[in-house]
Visitor: 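Below are the structure tokens for one structure; questions will follow.
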Amino acid sequence: MYKELNTSTRVLMGPGPSDAHPRVLKAMSTPLIGHLDPEFVAIMDEVKTMVQETFITKNHLTFVVSAPGSAGMETCLVNLLEPGDEIIIGVNGVFGGRMADIAERCGAVVHKIEKEWGGIITTEDVKNALETCPKPKMLALVHAETSTGALQPLKEISDLIHNAGGLLMVDAVTSYCGVELRVDDWDIDAIYTGTQKCLSAPPGLSPVSFSDRALKALENRKTKVQSWFLDLSLVKNYWGGAKRAYHHTAPVSSVYALRESLRIVLEEGLEKRWERHQAVHEVLKTKLEELGFKYLVDEQYRLPNLNSVFLPEGNDEALLRSKLLNEYNIEVGGGLGAFAGKIWRVGIMGESCTLNHVNMLVSALEDIKEFKRG
Ligand SMILES: *Cc1c(COP(=O)(O)O)cnc(C)c1O
């Protein structure tokens, strides 16, 4: 016989998922109701409104994709790109690379702005790209590049792409509810996020939002969206419209959890939440630097909630990471790509963004005898 599920109680300080509030876990155990039950329809309406509030947008076409952040990415790309369309994509880490891969699969002509990992895409970079590709359908950028810890400025770049007649698409998976993000003010046309990072809900859902400009592009499509599940023209009637029609069965329990996590964000207040992430980051930064860790990203473009740091000289990062996990129940993330084996990615997201988390990590490190301070 298989044993009853009994996982360790971890402290989640990696690139996601983050710790979930007990209220969110409790919401998940609410009894199931039918996904077309009027009570569930009312819950979906509330979730939609709370997603609009947290994205700071009035966009009508705002809803939640029943799949993780990567599916939100795919939703934006498969709906807004048709074969032959030109797209400019900033690639300064894993997730820009993933967007380029999906865009190619859509048959789009992809112009990559390739920058070193840890850097950002500058307005100069975008101007240069617009010289080679003056009339792109879209520009896609990652707001918070979780593979490197870089925070991409968006406001000025938004004007550049709109003046060129293109759409702005943004990956906000790690920035949403952790750092400043204003969809309407920054004139973002297509945005997706995830639930398991700064929102501190379980993984598996992807809130998305589309501007009127993006809606026009959708209406003007000449070809069918090649994905049935992610086709906005079909799924949008499930999350809105006068008459709810069956499209797929929403993950009822995950939506309960999402609703509770959004309530918690709005109780705290978005700006207060951004400030908390910054304040806890400052403390973490000071303590990590005292131990000899060095930041990968320039201070100016550093994400507060995802800290990419080089270990002090002479440490075996894999050994330390496994000791943290197995002996102290603390999860931190390792590096990806060229930074595998070289950096740690320390997440302080949502419920994992507290001084207690910082102190637990720092004292565990001080306690591990193999850890060498810098
Ligand atoms: C985590 C992440 C994703 C993917 O989200 P999943 O929920 O893992 O599919 C996409 N983009 C960024 C920037 C991320 O951090």
Side-chain angles (χ1 to χ4, degrees), residues 12-20 24 51 55 64-78 89-103 105 113 115 117-121 139-154 168-181 183 188 190-209 227 229-230 251 254-255 257-258 261 277 296-297 301-308 331-337 339 343-350 352-353:
L12 299 178
M13 299 185 72
S18 55
D19 288 340
V24 172
V51 170
F55 270 144
V64 180
V65 178
S66 298
S70 305
M73 180 190 287
E74 192 138 1
T75 299
C76 292
L77 290 166
V78 298
I89 302 181
V91 180
N92 53 343
V94 165
F95 294 101
R98 186 175 293 180
M99 292 201 291
D101 187 355
I102 298 173
R105 288 164 194 249
I113 303 176
K115 290 300 284 279
W117 283 32
I120 55 140
I121 311 297
L139 165 68
L141 294 172
V142 178
H143 189 207
E145 188 34 275
T146 320
S147 61
T148 66
L151 179 60
Q152 172 67 47
L154 293 170
L168 176 63
M169 168 185 158
V170 170
D171 175 321
V173 176
T174 288
S175 57
Y176 178 63
C177 297
V179 299
E180 185 178 18
L181 171 65
V183 171
I188 297 167
I191 190 160
Y192 61 93
T193 184
T195 44
Q196 78 274 31
K197 307 216 178 172
C198 294
L199 196 54
S200 278
L205 291 176
S206 179
V208 294
S209 185
S227 163
F229 187 66
L230 302 176
S254 300
V255 174
L258 172 59
S261 67
H277 282 85
L296 166 68
V297 178
Y301 300 118
R302 217 173 265 169
L303 263 177
N305 48 332
L306 196 281
N307 294 255
S308 283
E331 179 183 85
V332 297
L336 297 176
F339 292 119
I343 63 166
W344 276 359
R345 292 178 303 144
V346 181
I348 39 168
M349 302 191 194
S352 294
C353 180

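Note that ligands are numbered from 1 as they come in the structure, with each ligand's atoms numbered from 1 the same way. Residues: numbered from 1 along the sequence shown.
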Visitor: For atom 3 (C) of ligand 1, what's the nearest protein heavy atom and its distance?
Guide: Phe95 CE2, 3.4 Å
Visitor: Out of all atoms in ligand 1, which are within 4.0 Å of some heavy atom of Thr174? Include the element for each.
Guide: 15 (O)
Visitor: Write out the residue and atom name of the closest protein heavy atom to atom 9 (O) of ligand 1, then the distance separating them to 0.1 Å.
Guide: Ser70 OG, 2.6 Å
Visitor: Could you tell me whether Ala144 approaches ligand 1 through its side chain, its backbone, both or neither, with non-hydrogen atoms closer than 4.0 Å?
Guide: backbone
Visitor: Which atoms of ligand 1 have any heavy atom of Gly69 under 4.0 Å away?
Guide: 5 (O), 6 (P), 7 (O), 9 (O)
Visitor: Donor-acceptor pair, Ser261 side chain versus Ala201 backbone, under 3.5 Å?
Guide: no
Visitor: Does the side chain of Thr148 come under 3.5 Å of the side chain of Ser308 through a donor N or O and an acceptor N or O?
Guide: no
Visitor: In terms of residue, atom name and distance, what is the protein heavy atom nearest to atom 14 (C) of ligand 1?
Guide: Lys197 NZ, 3.1 Å
Visitor: Could you find the nearest protein heavy atom to atom 7 (O) of ligand 1 and give me its residue, atom name and distance?
Guide: Gln196 NE2, 2.8 Å
Visitor: Among all protein non-hydrogen atoms, which one is nearest to atom 15 (O) of ligand 1, and what is the separation to 0.1 Å?
Guide: Thr146 OG1, 2.3 Å
Visitor: Counting N and O atoms only, with roles assigned by atom type, does the side chain of Thr195 sit under 3.5 Å from a partner on the main chain of Pro202, one being a donor and the other an acceptor?
Guide: yes
Visitor: Whether the side chain of Asp171 engages the backbone of Met73 through a donor-acceptor N/O pair (distance < 3.5 Å, no angle test) should be reported.
Guide: no
Visitor: Is there a donor-acceptor contact under 3.5 Å from the side chain of Ser352 to the main chain of Asp19?
Guide: yes
Visitor: Tell me, which protein residue and heavy-atom name are nearest atom 11 (N) of ligand 1, and how many Å apart are they?
Guide: Asp171 OD2, 2.6 Å
Visitor: When you compare the side chain of Phe55 with that of Ile191, does any pair of heavy atoms fall below 4.5 Å?
Guide: yes
Visitor: Quick one: closest heavy-atom pair of His143 and Ser175, and the distance?
Guide: ND1-OG, 2.8 Å
